[in-house]
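All figures in this text were calculated on a predicted structure; none of them were measured in a lab. Count residues from 1 along the sequence.
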Amino acid sequence: MRLSTWIRQHLAALRALLVLTAITGIGYPLAVLAAAQLPGLHDKADGSLLEANGSVVGSALIGQSFADAGGAALAQYFQSRPSAAGHGYDPMATAASNLGPEDIVDTASRPSLLTTVCARSKAVGDREGVDGSRPFCTKDGVGAVLSVIGPPGADGDVAHPVQVVSVNQVCPARPFLATYRGVRVECAEPGRDYTLGRIVPIRGDAPDAPAVPPDAVSASGSGLDPHISPEYATIQVARVAKARGITEAQVRALVDEHTRGRTLGFLGEPRVDVLRLNLDLDQRYPYRG
């Protein structure tokens, strides 16, 4: 190949690189930026930021915590659903817990998903003054799970247990059941592995429809959900009204204002925007505590 041909090919490649860089690296981003500033798109493109008293307090697209420095829920505010994103609502660590319904036995490194749900349900029930019990949970807020140890029968079940342990209740805790199939239920000794037994979750006598709704005890897939269900908002009304010294009817009216129906009438579920609701509360009924 002659040198002049080699130079022409490389000059053509360089020109193509410069043209494509100008189009895709400069022109296209500028066009998208300009389109994002059109009326109706500007707010969303800039992050749907919300302000109060001249300061940005959050985004309408990202949930946040309404708790004190110690992590305790602030009584004057509606609480968001739990978050598994980083230390909570971290947009740089958006994620779910990736734990499923079979995660029912606590370990030394972390509580099981079942115990996490049980603990949250009890805490919400205590805070809101409703029944926090739910199926497969003990009264003290851990997963009601037994390890039944003994020779397996033909169907894989343990017909004649020799030891039964409440695996999520570490000694000296009192087991949620006194006996199981005639065998005394023991608390779990720290560090012992009870997986050699048959793991049996116990439903208990909790209602089929718990008073504490699912979104109050489970994190969203993104960990950033800014909404809660109307059911979760409803059980918080009395607490917020008492803390702010106003009537429940006044708080309920605000909840109704910030409740949105299904998108396009059929997508998703009705939802309440927690941040906007709390900002509206502060504006109309400032907290005097």
Exercise. Is the number of heavy atoms from other residues, nucleotides or ligands under 6.0 Å of Glu102 CD greater than 12?
Worked result: no
Exercise. Under the disulfide bond (SG atoms under 2.5 Å apart) rule, what pairs show up with a residue in residues 203-255, not counting sequence neighbours?
Worked result: none
Exercise. Are there more than 12 heavy atoms of other residues, nucleotides or ligands under 6.0 Å from atom OH of Tyr28?
Worked result: no
For this session: May I ask whether Val212 and Val240 are part of the same hydrophobic cluster, defined by side-chain heavy atoms of I, L, V, M, F, W, Y residues being less than 4.5 angstrom apart, directly or through others?
Result: yes
Exercise. Would one find more than 12 heavy atoms of other residues, nucleotides or ligands at under 6.0 Å from atom CZ of Arg203?
Worked result: yes
For this session: Just jot down the salt bridge (Lys or Arg N to Asp or Glu O under 4.0 Å) partners of Glu128, sequence neighbours excluded, or say none.
Result: Arg239
Exercise. Has the side chain of Tyr89 got a donor or acceptor atom that lies under 3.5 Å from a matching backbone atom of Pro226?
Worked result: no
Exercise. Asn278 side chain to Phe78 main-chain N or O, any donor-acceptor pair under 3.5 Å?
Worked result: yes
Exercise. When rounded to the nearest 0.5 angstrom, what distance separates CG in Leu254 from CG in Leu281?
Worked result: 5.0 Å
Seminar exercise, completed: Output for pair (Leu61 CG, Asp273 CG), nearest 0.5 Å, gives 9.0 Å
Problem set entry | OG1 on Thr234 to CZ on Arg252, rounded to 0.5 Å | 7.5 Å
Exercise. With sequence neighbours excluded, what pairs up with Asp126 under the side chain to side chain donor-acceptor pair (under 3.5 Å) test?
Worked result: Lys122
Exercise. Hey, what do you get for CZ (Arg134) to CG (Leu114), rounding to the nearest 0.5 Å?
Worked result: 10.0 Å
For this session: Run the salt-bridge test on Arg192 and Glu186 with the 4.0 Å N-O cut-off and return the result as yes or no.
Result: no
Problem set entry | Cationic N near anionic O, under 4.0 Å, Arg110 to Asp103 | yes
Exercise. Are Leu146 and Val170 grouped together when hydrophobic residues (ILVMFWY) are joined by side-chain heavy atoms under 4.5 angstrom apart?
Worked result: no
